[in-house]
Amino acid sequence: MRPILMKGHERPLTFLKYNRDGDLLFSCAKDHAPNVWYADNGERLGTYKGHNGAVWSCDVSRHSTRLLTGSADQTAKLWDVKTGKELFTFRFDAPARSVDFAIGDRLAVITTDSFMGNQPTAQVKRIAEDIEDQTEDSALVISGITGRINRAVWGPGNRTIITAGEDATIRIWDSETGKLLNESDKEVGHQKAISSLSKSLDWSHFLTGSLDKSAKLWDARTLTLIKTYVTERPVNAVDISPTLDHVVIGGGQDAMNVTMTDRRAGKFEAKFFHKILQEEIGGVKGHFGPINALAFNPDGRSFSSGGEDGYVRLHHFDPDYFNIKM
Amino acid sequence: MALAISMEAIDARARELGIDIDSVDVDSITLPPGEDFDILSDDEDLLHNEDLPELEMGFANIIVVDNLPVVPPEKYEKLENVVRKIYSQIGVIKEGGLWMPTDPETKKTLGYCFIEYNTPQEAELAREKTNGYKLDKSHIFAVNMFDDFDKYMKVPDEWAPAEIKPYTPGENLLKWLTDEKARDQFVIRAGTFTEVYWNDARRAMPELVYQKQYWTDSYIQWSPLGTHLATVHRQGAQVWGGDDKFVRLMRFAHPQVKLIDFSPGEKYLVTYSSHEPSNPRDTHRVVLNIFDVRTGKVMRDFKGSADEFTTGGSIGVSGVSWPIFRWGGGRDDKYFARLGKNVISVYETETFSLLDKKSLKVENVVDFSWSPTDPIISLFVPELGGGNQPARVSLVQIPGKEEVRQKNLFSVSDCKMYWQNNGEYLAVQVDRYTKTKKSIYTGFELFRIKERDIPIEVFELDNKNDKIIAFAWEPRGHRFAVIHGDGPKPDISFYTMRTVNNVSRVSKLTTLKGKQANALFWSPAGRFIVLAGLKGFNGQLEFYNVDDLETMATGEHFMATDIMWDPTGRFLATAVTSVHEMENGFQIWSFNGKQIYKVSKDHFYQFHWRPRPPSLLTPEKEEDISRNLKKYSKKYEQEDQDVFNQVGEQERKRRTQLQEEWEGWVAKWKQQHEEEREYRMALRGGEDSEKEEEGEIKEIEAEELLNVTEEVVSFDQD
């Protein structure tokens, strides 16, 4: 089917997130206002105005009441999804990058970049049920990683926190004590910076994309490498299909090199791989620049991609897609 | 040369210790881990030598000058000045590098001196230039390298009969030709690895034969018949070959070798290096060695200034037109020739000296080429004296050096010679000025070498003002293709040298209009040609059948830089090498344009099909096979089918296995997920929505199906 082009951002997209019901799509970009869209027809519902810098990522609570955003303006903000009202601001001494709600939405992990001599950190914040009780205190601060943390998410049962970033290593931390529990194998792991990380529906395994032109599937408890998907381009974004054994991988050259080569050379495609057989199924072209964000709708019937070109492309799958036999 | 010396040292040491070095299988010796006894392995050797400074320790830069006059101390200074004057002309003598010893009793000199230069090259040059120099009648210099003295002193005084070594069977160098599946090999160089593969087209993948890291310092090259693989290193060249893995067959010491070239019959290897002069005003010094590939012996060396070796020809790699020596006389490797100023120097390989002791004198010759099969040279002399003396193309027979055919040409601006690979035809592309001298048009002179008196036919394109972009003969055939025209969409025309009633006249077969092509690649078996658009055309490919004059397929290998047919003409390889940053790798196509597989490799430098020696079948036998192809092909079709089924079977197995493995993971996860359910519920404040979550997907799918049936039913009832 023809994709729906959603033009609501002035600058490159950074992150896409569906709510659990799959009816809303949240998009973040380097302009300062995240958007929310109807996930079915691509109509824009509204924007969340208040940030003063690029918004790197967001997460939405289970019942789609609250939105958490992390921004380069050194804050993370809590929003009321329905009214767009800014509820609370967490201030940091460095740009906030990755945000992720824990199961139960009582906790969130927020990462900060290395900035002005500060080390990058992953910080756990308690999220109060009543916004009046909300504080800025961190329940836990994980540090000691060199290189930017591009993504930090909760492990199964909120027991662990998984971080991945520029040093190409995936680490699992105890979410209570902040102790390092496990590190990805240097031999089989990524060779270059990890740009993205996406969990499976039941949080049992997750997919990482890296600038080493591959994506890898890991067990979330043991950090065992299960699969590797090899592409021809640096990978910027990945996601796992919630219904089928498919994964989608997107990327492209560095933005700085894009204009130097033919559009065909860039291969700005979202590539579908069979999750188990590791074989390429197909690709969806369309962006005029590298793909920075990818997300499957939780119903598995559509997906959206966000590009350096500032567009969100919402694709509803053709019936053929569900009949692919490998 | 350092290598050769160290080998001798090893031999000597072995003899001392009473070890028969030949009986030791070096490969079977393994050093204890972490201990290398200060012996660098070959690979390390190559690595570390890179950054070592010029060695100061050897005596290779010292020469000994003998037969100097014996003088008393009063005249010592004068003599020293004379010697210094002579030898500083050649190179820079090191400070305090001139030492003339004196007799401690008589205080007279001893009639010899030592001179130390900065580099061994200078010392070598000094030895060459001044050995035999006449200072006066009774003092003729005898100059030797200091290192050589050692060598000469070691020569035993008594003659001992040479030991006859027992015969040891060597490697089977032709093993690859006996592949049961009749596949071809190719070598690629990507990153630090050099890898040899089988092209397994049936299974649509390459199969690794041999792989080695840091195998070569600069590049690799197959010998023309595919027997050897040559690698190039700082210390020299090496050739490899053998049964299953590649073993070193020979080393050819040539420090700082830059370029190598095999003779067509792969008997000889020519190596080339050029050296910075110590005096920046001088030109580079060039050293060429011709080795016998089998014995590793230097058959002849050439040394001189770069100027002497860069006359004429198109400028090729690093300022020289390579190969400097062009081999003639087919695969017998009988002659080789080099272009000089007003001469073509033809050497023969029996004595490695000039044929008839003198060069072939041709005033103002600028280019020549050999017939690929016969000892015939075609040469081109441009117009002289402002058009008073016409340009000419001549065919010269070797060894007789008689001119067998000649053609004078007028108003010539440039000329290119194309031999058909059987040596039957020669096409000379002549670019001429129009009368006004403002523009250029092109014509061809077609020589029929094998016919009596070598008839020449003048041939022009329909539109003779068209620019010629490419010209190519059909290998072993009588046709040729030309890309001509201006602008982005040139035309391609095909011609044949034969006509229906066997009159020797060239005739046109067809013209293809407006093609995106700028290069022609005939299949080595003839009949098929690939019209390729490289560079600006981004790798457009058209597979064309010249027998039926139809396009079989078109394709594209985006940004392709290189195109190579396999030696049998069954497959085509297209590659993007590291001249581009992106897209590096290669693709394999069938002769009719079906893409079989592709491989991506970063930092992809080289792709080379392993050449095959010519077929042993007689032309009649070949004819017979192609006539009864059905009969022969049956067997192979069956094999193809079997392989196909087998691959299918393997693939199915692999998939089932992967699926099973995956299900194992899923089962484990499910169980763990189940175990943590209560805990998760607690985290969510008692909310139990797990069921909903898991059933969600199926529910939706079922829902849709129901909807459809319901509507149909209600419709019927109405």
Side-chain angles (χ1 to χ4, degrees), chain A residues 20-22 61-63 102-107 129 154-159 200-205 212-213 217-222 224 226-227 230-234 241-245 252-253 257 260-267 274-279 298-301 319 322 326, chain B residues 536-539 556-560 576 580-585 598-602 651-652 654-687 689-690 692-694 696-701 703-704:
Chain A
R20 194 175 60 94
D21 298 326
S61 65
R62 183 177 170 86
H63 296 296
I103 297 173
D105 300 330
R106 292 270 86 86
L107 295 166
E129 196 153 2
W154 294 91
N158 293 357
R159 289 193 169 96
S200 72
L201 210 58
D202 62 356
W203 298 28
S204 63
H205 55 288
D212 67 4
K213 303 182 183 176
L217 194 73
W218 309 80
D219 182 292
R221 291 180 178 88
T222 61
T224 317
I226 306 172
K227 302 281 176 194
V230 181
T231 75
E232 293 160 333
R233 301 287 150 222
S241 167
T243 50
L244 298 173
D245 283 325
Q253 300 149 281
N257 289 330
M260 292 160 66
T261 44
D262 194 299
R263 180 169 52 85
R264 285 177 295 173
K267 297 245 172 76
H274 195 277
K275 183 155 81 173
I276 302 164
L277 302 176
Q278 293 160 255
E279 282 165 23
D299 70 5
R301 304 170 141 271
F322 299 99
M326 287 294 279
Chain B
F537 291 141
N538 279 335
E556 185 194 34
H557 183 178
F558 185 63
M559 309 221 293
V576 178
H580 293 301
E581 211 175 300
M582 310 296 283
E583 304 283 335
N584 278 201
K598 69 184 247 190
V599 175
S600 296
K601 291 252 179 198
D602 270 354
E651 183 60 22
R652 258 194 298 286
R654 192 181 69 87
R655 285 177 178 213
T656 332
Q657 197 200 336
L658 282 175
Q659 197 75 40
E660 275 164 11
E661 253 171 51
W662 179 255
E663 268 151 26
W665 281 106
V666 171
K668 205 174 102 195
W669 287 332
K670 254 207 182 118
Q671 192 201 335
Q672 284 166 333
H673 197 65
E674 211 49 42
E675 280 165 12
E676 284 173 3
R677 151 170 268 167
E678 300 272 309
Y679 179 68
R680 263 200 315 276
M681 266 172 64
L683 285 176
R684 290 213 172 100
E687 183 190 344
S689 50
E690 298 272 317
E692 181 199 323
E693 208 168 86
E694 272 159 27
E696 218 167 19
I697 308 134
K698 279 170 200 157
E699 223 172 84
I700 290 170
E701 276 181 24
E703 199 180 297
E704 198 186 33

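Residue numbers start from 1 in every chain, and the chains themselves are labelled A, B, ... in the order their sequence lines are given, proteins ahead of strands. Since the model is a prediction, treat every value here as computed from it, not as a measurement. Just the heavy atoms: all of them, side chains too, but no hydrogens, waters or symmetry mates, feed the values below.
Rounding to the nearest 0.5 angstrom, the gap separating the CG atom in B/Leu658 from the NZ atom in A/Lys227 is 4.5 Å. From B/Arg680, atom CZ reaches atom CG of A/Asp202 across 8.0 Å, with rounding to the nearest 0.5 Å. The distance from atom CZ of B/Arg684 to atom CG of A/Asp105, rounded to the nearest 0.5 Å, is 8.0 Å.
With a threshold of 4.5 angstrom between heavy atoms, B/Lys668 approaches chain A through side-chain atoms but not through N, CA, C or O. Proximity to chain B (any heavy atom under 4.5 Å) is restricted, for A/Asp245, to the side chain, taken from C-beta onward. In this structure, chain B has no heavy atom under 4.5 Å from any part of A/Leu107. At a 4.5 Å heavy-atom cutoff, the contact between B/Glu676 and chain A is made by side-chain atoms alone. With a threshold of 4.5 angstrom between heavy atoms, B/Glu675 does not approach chain A through any atom at all. At a 4.5 Å heavy-atom cutoff, A/Ser200 makes no contact with chain B through either its backbone or its side chain.
A/Glu279 and B/Arg654 are joined by a salt bridge, as a carboxylate oxygen and a charged side-chain nitrogen come within less than 4.0 angstrom of each other.
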For this session: Would you please test A/Arg106 and B/Leu683 for side chain to side chain contact (heavy atoms under 4.5 Å, CB included) and show each step?
Result: CA-CA 8 Å; A/Arg106 292 270 86 86; B/Leu683 285 176; over 6 Å; no
Exercise. Step by step, would you call A/His205 with B/Trp665 a side chain to side chain contact (heavy atoms under 4.5 Å, CB included)?
Worked result: CA-CA 10 Å; A/His205 55 288; B/Trp665 281 106; over 6 Å; no
For this session: May I have the step-by-step check of side chain to side chain contact (heavy atoms under 4.5 Å, CB included) for A/Arg221 and B/Trp669, ending in yes or no?
Result: CA-CA 9 Å; A/Arg221 291 180 178 88; B/Trp669 287 332; 3.9 Å; yes
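Counting only heavy atoms from C-beta outward, the side chains of B/Gln672 and A/Pro156 never approach each other to under 4.5 Å.
Here the closest non-hydrogen pair linking B/Tyr679 and A/Gly157 is CE2-O, 3.0 Å. In terms of heavy atoms, B/Ser600 sits closest to A/Glu232 at OG-OE2, 3.7 Å.
For the options A/Gln278, A/Arg159, A/Lys275, heavy-atom pairs under 4.5 Å to chain B are most numerous at A/Arg159. Your options are A/Asn158, A/Thr224, A/Asp219, and the one with the most heavy-atom pairs under 4.5 Å with chain B is A/Asp219.
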